[in-house]
There are 2 protein chains.
Amino acid sequence: MQEQIQKILKHNQLSVTGGRTKILELFLAQDDALAHADIERKTGEKFDRVTVYRTLQTFLEKGIIHSIPTSDNSVKYALCKDNCSEGHHHDHHVHFMCSVCGKTLCIDEVSVPVVNLPEGYKVEQIQMIVTGVCKDCA
Amino acid sequence: MQEQIQKILKHNQLSVTGGRTKILELFLAQDDALAHADIERKTGEKFDRVTVYRTLQTFLEKGIIHSIPTSDNSVKYALCKDNCSEGHHHDHHVHFMCSVCGKTLCIDEVSVPVVNLPEGYKVEQIQMIVTGVCKDCA
DNA sequence: TAAAACTTGCAACTCTGTTGCAAGTTCTTG
DNA sequence: CAAGAACTTGCAACAGAGTTGCAAGTTTTA
């Protein structure tokens, strides 16, 4: 695990530091998306709030994680199962939010259906947010 | 217009007040979604920030407007073209955000395609956020 | 029209996110 | 592997978004 983390960071030309390692470790160990507050809690408040913000910002820029617009307008971040560091652009994504447990999951198995917009609209990115009840809460 | 506004408010058991009338008027006159800040600006800062928040909250609860999750995680509100006050639940929605002019539009003409989620997931609501270039900016 | 019910504005506060800067850590390269 | 360059962190201070309690004001009801 530590080795994989180092590899990802180096691959993205980032110095290997305690904060980055810990936060990346969290994402790797997690199957659902994390909000900023989750990260602070899970790191045991060992890192400054600012460090967490900056780390997330950096990971976003490098494409290690991506942000998810949720239907309650809070911000969540997730690592994708397929390798985000390989330049996959997340242009088309399905996310699932469980209304019972609150978990937010990337649904990689499903491809985003094609939408036919009215004449004159150019599509760059499609995000789909499906709200409902997840496998575990059903 | 004033008559229509009164009708909508009364229909939802809300007192007809200056703030509510003005804000509803804004939504009726607008074809794209509004953020809280847009509303404050467009009302000429005539109403307290708190009043605007509370009015939006009330309109949301009554189903007069709905909130839109945007891909930059800001909050926007919109009235739908078909009558939201008639109990239409906004379960399936397509929203378009223009990356040039920033406008957020409800695309009512397009229905949300069916997604087949993995076994065990129950769908309640589907929101689709399409980012791209709108008709006017193309 | 008067009382009841609701809405508004104010002040004060919390929570989220950002910036500048000095101190500390990591990386580079001889 | 040591020393300097480059980058990262924590702190303090701040800006903005959103919330709450409460008293004063407005709207509704009867």
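Naming: A, B, ... by sequence-line order, numbering from 1 per chain.
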* To do: Could you pick out which residue, His36(B) or Thr17(B), lies toward the 5' side of DNA chain D when each is mapped onto its nearest nucleotide?
  =>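 Its nucleotide being nearer the 5' end, the pick is His36(B).
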* Asked: Toward the 5' end of DNA chain D, which comes first, Val50(A) or Thr55(A), by nearest nucleotide?
  ->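 Nearer the 5' end of the strand: Thr55(A).
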* Asked: side chain to side chain contact (heavy atoms under 4.5 Å, CB included) between Ile8(A) and Phe59(A): does it pass, once the steps are laid out?
  -> CA-CA 10 Å; Ile8(A) 296 173; Phe59(A) 285 2; over 6 Å; no
* Flag side-chain contact, heavy atom, 4.5 Å: Leu9(B) against Ser15(B) ->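 No - every pair of side-chain heavy atoms lies 4.5 Å or more apart.
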* Asked: On a plain distance test, is the side chain of Arg49(A) in donor-acceptor contact with the base of dG10(D) below 3.5 Å?
  ->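 By the distance-only test, no, there is no pair.
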* Is the shortest side-chain N/O distance from Ser15(A) to OP1 or OP2 of dT8(D) below 4.0 Å? ->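 So the side-chain polar atoms of Ser15(A) do come within 4.0 Å of the phosphate oxygens OP1 or OP2 of dT8(D), strictly under.
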* **N or O in side chain of Arg20(B) less than 4.0 angstrom from dT7(C) OP1/OP2** =>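 Yes, within the criterion.
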* Quick one: CE on Met97(A) to OG1 on Thr131(A), what's the gap to the nearest 0.5 Å? ->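 Those atoms lie 6.0 Å apart.
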* **Rounded distance (nearest 0.5 Å) linking atom CD of Gln6(B) with atom CD of Gln4(B)** =>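 Gln6(B) atom CD to Gln4(B) atom CD measures 11.5 Å (nearest 0.5 Å).
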* Asked: Over its full length, what angle do the end axes of the helix from dT1(C)-dA30(D) to dG30(C)-dC1(D) make, each axis taken from five pairs and the result rounded to 10 degrees?
  ->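 Both end axes considered, the difference amounts to 40°.
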* **Donor-acceptor under 3.5 Å (Arg20(B) side chain, Thr55(B) main chain)** =>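 It does not hold such a pair.
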Tell me which donor-acceptor pairs under 3.5 Å the side chains of residues 35-43 of chain B have, and how far apart each pair is, sequence neighbours excluded?
unit_1	atom_1	unit_2	atom_2	d
His36(B)	NE2	Glu40(B)	OE2	3.0
Asp38(B)	OD1	Arg41(B)	NH2	2.8
Asp38(B)	OD2	Ala35(B)	N	2.8
Thr43(B)	OG1	Ile39(B)	O	3.0
Thr43(B)	OG1	Glu40(B)	O	3.0

